[in-house]
Amino acid sequence: MNKFLCFGLAILFLSPTLTSAQSDVNIRSQCFDRLKEQALQIEDFRLARAELEAIDYATLDNRLSRYYQGHSSFGIDVDQPIFDLRVFSFGRQTGYVHPPYSPFPVGAKSEQWKMAAKEFILAEEFIRNPEGERQFLGCGFFRIGARDLKSVTADTYLYDGPVSSVMSTQGDHKFWYNFNTSFNYEDAPQANWYRLFVYPKATQNSYFSRYEVLDSFPGNQLDDLSILTEAGITARRAEGGDFTELDPVETGSAFALNAYYQAIADRYPNFADRLALRGVLEYKNLQKILASPNSSAVNYVWDTLLDTKDITRYAAAQIAGKDIESDPIFDQVLNDPKAVNQSILDLALVPASDSGVVDVSAVTVTDQVRESKPLALQDNRGTFVMVVVLLLLLFVLLASLLFFARRHK
């Protein structure tokens, strides 16, 4: 009797957990079904159709990798490795092991995949809330396109080109397709990246959901993704029309994802505390720079954390032991990346104008900035010299008055 009672109580207490786990599996399974349905229609994924069509979710669930922890998630950087990704790849072999090299936490402190990916990648993405609970965000399908796939490696991957992005809401799911070209250390095109994401409405929660904020990502909203199908492409070309929906969207901000980050901060204030560009520059501090017309301050952030091509080249060259000219700005940031936050707080920023718009044309790295001292030191040096000159003038004036006073007596 006692055994049956204990068994019954165990079932009673475990049933909510079992129900929640089953619900999560159902959401992930539905996400994959919608992903597969859409991906099979997209012309960019044509070479994957035969293998993709043969995969069901039960098979995929058994083939997905362990959970890889990271500081970054497709446009979102945070200061802790709270994003988890499970992946399964198929097709031809590439040389790419995620993440690519970065001197910042988004690369240096994110967990590296155990093996190089193949050209087609299925993925599930999660986030861990402050209680440590893993919450499902969405699923994705990626293609790596290159003439020599094995030459596409994390060691040669330096930066991404402009992202073309389209989004569509269909029923209880949001779809996001994006495309960009990555470049190597010689600034030559390395590979093309095609990505399709699905975010279910059922993933909504109080901490963070991509479903809620996707519409704020720079891109075009479409009724569907038919322009990506073979029929859609053929019809558009027959009409002689351009695919303007796939052009990268100009945001008018030095930080292209500012509106996206702001939407996240407005909707999820607790998660917003984690937002940090490259895993180090807190978004609230980046906002202070973007809201100021002080172009030299924007230059400082642009040159180190917004456009990281040069500083990554510099750090990689140092690791390789190459003989390079020392750069005080880069050294300052690389020696203590999180100190950038304090450097920004120390800047004497001019209050934002009524429009709050930063002149993006002013965001250029000039030779003057490149050869100067770190900005925090550079701005203070002029003030220091001025104070010394004023003190010397005051000293000369007082000495002269004393001299004439004594002579008069």
Side-chain angles (χ1 to χ4, degrees), residues 14-39 52 55-78 80-89 98-99 106 110-111 113-114 117 120-142 167-178 195-217 260-261 263-264 267-275:
L14 288 174
S15 58
T17 302
L18 293 172
T19 301
S20 176
Q22 185 61 43
S23 174
D24 183 62
V25 171
N26 289 339
I27 295 171
R28 289 188 279 125
S29 177
Q30 291 172 13
C31 186
F32 172 72
D33 290 342
R34 297 305 306 275
L35 176 75
K36 176 179 173 179
E37 176 187 0
Q38 191 70 70
L52 181 60
I55 300 175
D56 58 22
Y57 185 71
T59 302
L60 175 65
D61 196 25
N62 289 326
R63 293 182 178 179
L64 285 167
S65 68
R66 62 190 295 276
Y67 295 96
Y68 290 113
Q69 299 180 5
H71 281 72
S72 184
S73 168
F74 307 104
I76 302 173
D77 293 346
V78 291
Q80 297 176 2
I82 57 176
F83 285 113
D84 291 346
L85 196 69
R86 293 204 300 166
V87 294
F88 165 70
S89 65
H98 189 77
V106 289
S110 291
E111 199 169 4
W113 294 0
K114 294 299 182 184
F120 300 108
I121 304 169
L122 285 161
E124 285 186 341
E125 186 181 23
F126 303 79
I127 192 168
R128 277 170 286 113
N129 63 23
E131 289 72 42
E133 300 167 338
R134 185 178 284 122
Q135 299 172 171
F136 181 59
L137 292 177
C139 54
F141 184 53
F142 320 139
M167 290 152 284
S168 176
T169 301
Q170 301 173 34
D172 289 337
H173 294 79
K174 289 187 177 181
F175 295 82
W176 176 31
Y177 174 86
N178 63 69
R195 309 177 190 88
L196 174 66
F197 296 91
V198 179
Y199 301 122
K201 186 176 183 179
T203 60
Q204 291 172 313
N205 63 82
S206 59
Y207 185 59
F208 177 67
S209 166
R210 278 191 176 274
Y211 178 90
E212 287 281 354
V213 296
L214 178 64
D215 296 345
S216 298
F217 197 94
Y260 186 48
Y261 273 57
I264 294 172
R267 178 66 180 82
Y268 299 107
N270 291 333
F271 176 70
D273 290 339
R274 302 272 67 82
L275 289 175

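No experiment lies behind these values; they were computed from the predicted model shown.
By the side chain to side chain donor-acceptor pair (under 3.5 Å) test, Asp84 is found to be paired with Arg128, Arg134, residues two or more places apart in sequence or in another chain being considered. Every residue two or more places apart in sequence or in another chain that forms a side chain to side chain donor-acceptor pair (under 3.5 Å) with Asp56 is listed here: Thr59. Remark: Glu37 pairs with Arg34 by the salt bridge (Lys or Arg N to Asp or Glu O under 4.0 Å) rule, at least two apart or across chains. Legend: residues meeting side chain to side chain donor-acceptor pair (under 3.5 Å) with Ser168, ordered by chain and number and at least two apart, are Gln170. In this view, His98 and Tyr96, Trp113 satisfy the ring-ring contact (aromatic ring centres under 6.0 Å, His included) rule, not counting sequence neighbours. Not counting sequence neighbours, the partners of Ser72 by the side chain to side chain donor-acceptor pair (under 3.5 Å) test are Asp77.
The distance between the ring centers of Phe142 and Phe197 falls below 6.0 angstrom.
Atoms SG and CD1, on Cys139 and Ile27 in that order, are 11.5 Å from each other to the nearest 0.5 Å. Taken to the nearest 0.5 Å, the OH atom of Tyr177 stands 9.5 Å off from the CZ atom of Arg195. Note: Ile264 CD1 to Arg274 CZ = 14.0 Å, rounded to the nearest 0.5 Å. Atom OG of residue Ser89 and atom CG of residue Leu64 lie 10.5 Å apart, to the nearest 0.5 angstrom.
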Practice task
For the pair Tyr68 and Ser110, evaluate side-chain contact (heavy atoms from CB on, under 4.5 Å) and give the outcome as yes or no after the intermediate values.
Solution key: CA-CA 8 Å; Tyr68 290 113; Ser110 291; over 6 Å; no
Exercise for the section: Mind running side-chain contact (heavy atoms from CB on, under 4.5 Å) on Tyr261 and Leu275 for me, showing each step along the way? Expected result: CA-CA 8 Å; Tyr261 273 57; Leu275 289 175; 4.0 Å; yes
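Of the listed residues (Tyr207, Phe83, Phe208, Tyr67), just one forms a ring pair (Phe, Tyr, Trp, His ring centres under 6.0 Å) with Phe126, and that residue is Tyr67. Under the side-chain contact (heavy atoms from CB on, under 4.5 Å) test applied with Phe136, the options Thr203, Ile127, Val25, Asn205 reduce to a single match, Thr203.
Among all heavy-atom pairs drawn from Leu137 and Tyr199, the shortest one is O-CD2, 3.3 Å. In terms of heavy-atom proximity, Arg210 sits nearest to Phe74 at NH2-O, 3.6 Å. Here the shortest heavy-atom pairing between Leu214 and Met167 reads O-SD, 3.3 Å. Nearest heavy atom pair, residue Ser216 against residue Ala263, reads OG-CB, 3.2 Å. Taking each heavy atom of His71 and Val106 in turn, the nearest pair found is CB-CA, 3.9 Å. In terms of heavy-atom proximity, Glu111 sits nearest to Pro99 at O-CD, 3.8 Å.
Between Val198 and Gln38, every side-chain heavy-atom pair lies at or beyond the 4.5 Å cut-off. When side chains are defined from C-beta on, Leu122 counts as touching Leu35, because their heavy atoms get closer than 4.5 Å. Residues Arg28 and Asp61 have side chains in contact (heavy-atom distance under 4.5 Å, counting atoms from C-beta outward).
Cation-pi contact between Lys174 and Tyr211: present, with separation from the ring centre below 6.0 Å and deviation from the ring axis of at most 45°.
Tyr260 and Phe217 have perpendicular rings, their planes meeting at more than 60° on a 0 to 90° scale where under 30° would count as parallel.
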